[in-house]
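Below, each value reflects all heavy atoms present in this structure, side chains not excepted, and no hydrogens, waters or symmetry copies.
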Amino acid sequence: MTDLHLPLDRAAGRLAAQIAAGLRAAVRSGRLAAGTRLPSSRDLSRDLDVSRGVVVAAYEQLVAEGFLLSRRGDGTRVAPLARPDEPAPPRAGTERPPGSPDPSGGPSGHPSGLSPGGPPGGFHLDLWPGAPDLAAFPRGRWLTAVRAVLRTLPNEALAYPDPGGAGALRAELAGYLRRVRAAHAGAGQIVIMNGVAQGLSVLVRQLAGDGHRLLAVEDPTSDRQFPMLDAAGVRLAHVPVDSEGLDVAALARTGARAVLVTPAHQYPTGVVLSPARRAALIAWARDVDGLVLEDDYDAEFRYDREPVGCLQGVDPERVVLLGSVSKSLAPALRLGWVVAPPGVAERLRAHRSRTDLGGPVLEQYALAEFLASGTYDRHLRQMRRQYRSRRDALAEALRAHIPDAVVHGVAAGIHLYVELPPGCDERRVVTDAAKAGVAVAGAAPMWSGARSAHAPPALVLGYARLGEARLAQAAELLGTVITHRAQG
Ligand SMILES: Cc1ncc(COP(=O)(O)O)c(C=O)c1O
């Protein structure tokens, strides 16, 4: 069907990704209107002279991202929600998105005293979640990038920076996020922040200032976030997560008009937001004139398939994308970004201008160089292979040593959510494992007060920093700890 205008560069390879990108662009520009029926995979593969599997893969990717709908008997159509270039008309009675009245009566905040903390040091086998393999930080290549920056950077670039971030980094990131995350990103919408944490803190403070005093979060959620969100001045509405991700119907009942989600790989359960829920979440945001804060957690590391594009790419007016290099390179760099509608981005930039005059500049240029030279992509490819075999090794060893445990979530990321056999005392397992030299985190502090008492006992295991043999050893020790407890 030549009128789809999908030019392919056969020499460049990755034909399914090219077809998906072409269709995404067509939907975004409005060239393919909502409801438009696409040709069957057989017809399109014939027209484009590619195998049918290539077209099926492209369609599946776009269905997963929410751009297309596929129904038995009705073929594949453009989804009604996927028209981000057309900002939703303001709802009657609202002047600026997303200003809101103070909703009341939502669920209570997280109980105090559940501090996120970190593992006490000195563990023989450290499976505390949240860090990548720090030993794999590409020191040599980073040094090369910093040298190149220092050789070529004009003196003027050493003055106070653009508070929104170095232009070179914003431009490289925009290209990267468009290419890899299917984001709707221009350099002008990107603000460089000190990690997702700073981006989130500032955004939530601004939302609270606009009247969004209730923020919905996934239940469970990263316990690192609780003190930050608390400090930002919002109350939390904890919304259950099931095997499809955030329960959007439950979200709608909270009265919140802003939500923080981890659609790519929910932290900590490891599930992925399903296509239906993605569509429902966008519909919710439009319906309540609200905002979705998308923490693009673990998006770099999907092992079972191509990563699903970010939600922000589906509706950039309603979704703010937050990302960082904390899991892809190292948290120590404190380099992250926010991709936001222009008004929101400008407020973040103004905040940095008023509060800290911007972030360190040389690291920003070094990251821009990493992106431009392809070094970042190469590093990610290498880490993906490594993390995948570590995940497989840990999952297999857990099956062997704790056969009644259930590993949740998809093959992605750098942690596993492991439901312990029924009757296990989570807290005791964590303590006994620590005595045996294995640092693990219990899941209970990540659940809301209301649900933590009923949540099945579970561990969150970070596997990024140990080789396969040590992961197997850790699983064996955990198995011994659990068996002793059960017998004792
Ligand atoms: C789910 C989640 N998102 C974001 C962050 C913060 O990451 P960053 O280092 O980019 O600030 C954390 C920190 O542990 C986290 O657990």
Side-chain angles (χ1 to χ4, degrees), residues 116-138 220 222-224 262 264-272 297-305 307 324-331 379-420 424 426 429-430 432-434 436-443 445-446 457-482:
F123 279 95
H124 173 51
L125 295 163
D126 185 356
L127 276 78
W128 197 263
D133 186 356
L134 301 176
F137 181 74
S222 163
D223 50 346
R224 278 249 174 100
T262 47
H265 192 224
Q266 203 275 331
Y267 192 89
T269 63
V271 300
V272 173
Y297 192 80
D298 273 351
E300 304 83 358
F301 301 121
R302 184 90 195 240
Y303 315 125
D304 56 337
R305 53 161 292 158
S324 78
V325 298
S326 292
K327 306 294 181 281
S328 55
L329 290 170
H379 176 68
L380 283 178
R381 274 200 297 278
Q382 188 182 327
M383 295 318 297
R384 228 172 265 134
R385 279 196 297 276
Q386 203 154 85
Y387 290 155
R388 180 187 192 149
S389 47
R390 289 179 185 178
R391 185 187 190 279
D392 289 348
L394 179 59
E396 193 186 316
L398 288 169
R399 266 194 300 277
H401 296 292
I402 322 176
D404 294 337
V406 181
V407 172
H408 285 266
V410 301
I414 54 175
H415 76 272
L416 282 184
Y417 190 89
V418 184
E419 199 175 304
L420 294 171
C424 265
E426 177 187 306
V429 169
V430 171
D432 289 356
V438 188
V440 296
M446 305 180 194
L459 300 178
V460 185
L461 306 178
Y463 52 77
R465 283 164 297 159
L466 297 179
E468 285 85 340
R470 303 210 339 128
L471 288 167
Q473 202 187 342
E476 188 175 352
L477 279 169
L478 280 175
T480 309
V481 159
I482 288 166

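Here CG of Asp432 is found 11.5 Å from OG1 of Thr480. Values are rounded to the nearest 0.5 Å. Atom CZ of Arg384 and atom CD of Gln382 lie 11.5 Å apart (nearest 0.5 Å). Residue Leu459 holds its CG atom at 9.0 Å from OH of Tyr417, rounded to the nearest 0.5 Å. Note: Glu468 CD to Leu394 CG = 10.5 Å, rounded to the nearest 0.5 Å. For the atom pair OH (Tyr463) and CD (Gln386), the distance works out to 12.0 Å, reported to the nearest 0.5 Å. The distance from atom CD1 of Ile402 to atom CD of Glu476, rounded to the nearest 0.5 Å, is 10.5 Å.
Gly442 and Val430 make their closest contact through N-CG2, 3.6 Å (heavy atoms, listed as atom of the first residue, atom of the second, distance). Between Ser328 and Leu380, the closest heavy-atom pair is CB-CD2, 3.6 Å. Taking both residues in full, the closest heavy atoms of Met383 and Ala136 are given as CE-CB, 3.5 Å, listed atom of the first, atom of the second, then distance. Among all heavy-atom pairs drawn from Arg391 and Gly409, the shortest one is NH2-O, 3.8 Å. When all heavy atoms are compared, the tightest approach of Ile414 to Ala131 is CD1-O, 3.6 Å. Glu426 approaches Pro445 most closely through the heavy-atom pair OE2-CD, 4.3 Å.
Of the possible donor and acceptor atoms, one in the side chain of Gln266 sits under 3.5 Å from a partner among the backbone N and O of Pro220. A donor-acceptor pair under 3.5 Å links the side-chain atoms of Thr262 to the main chain of Tyr267, judged by distance alone. Remark: side-chain polar atoms of Glu419 are not paired, donor with acceptor, to backbone N or O of His408 under 3.5 angstrom. For Arg470 (side chain) and Leu125 (main-chain N/O), no donor-acceptor pair under 3.5 Å exists by modelled atom type. Counting only distance, with no hydrogens or angles, the side chain of His415 and the backbone of Pro268 share a donor-acceptor pair below 3.5 Å. The main-chain N or O of Leu466 is found under 3.5 Å from a side-chain atom of Arg390 such that the two form a donor-acceptor pair. For Tyr303 (side chain) and Gly413 (main-chain N/O), a donor-acceptor pair under 3.5 Å exists by modelled atom type. The backbone N or O of Pro132 sits nowhere less than 3.5 Å from a side-chain atom of Tyr387 that would complete a donor-acceptor pair.
Residues Phe301 and His265 keep their aromatic ring centres 6.0 Å or farther apart.
Among the candidates Asp404, Leu478, Ile482, Val406, the single residue satisfying the side chain to side chain contact (heavy atoms under 4.5 Å, CB included) test with Leu420 is Ile482.
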Phe137/Leu329 under side-chain contact (heavy atoms from CB on, under 4.5 Å): CA gap, chis, key distance, verdict: CA-CA 6 Å; Phe137 181 74; Leu329 290 170; 4.0 Å; yes

Before you tell me yes or no, could you show the steps for His124 and Gln473 under side-chain contact (heavy atoms from CB on, under 4.5 Å), namely the whole-Å CA-CA distance, both residues' side-chain angles and the distance that decides it to 0.1 Å? CA-CA 11 Å; His124 173 51; Gln473 202 187 342; 3.5 Å; yes

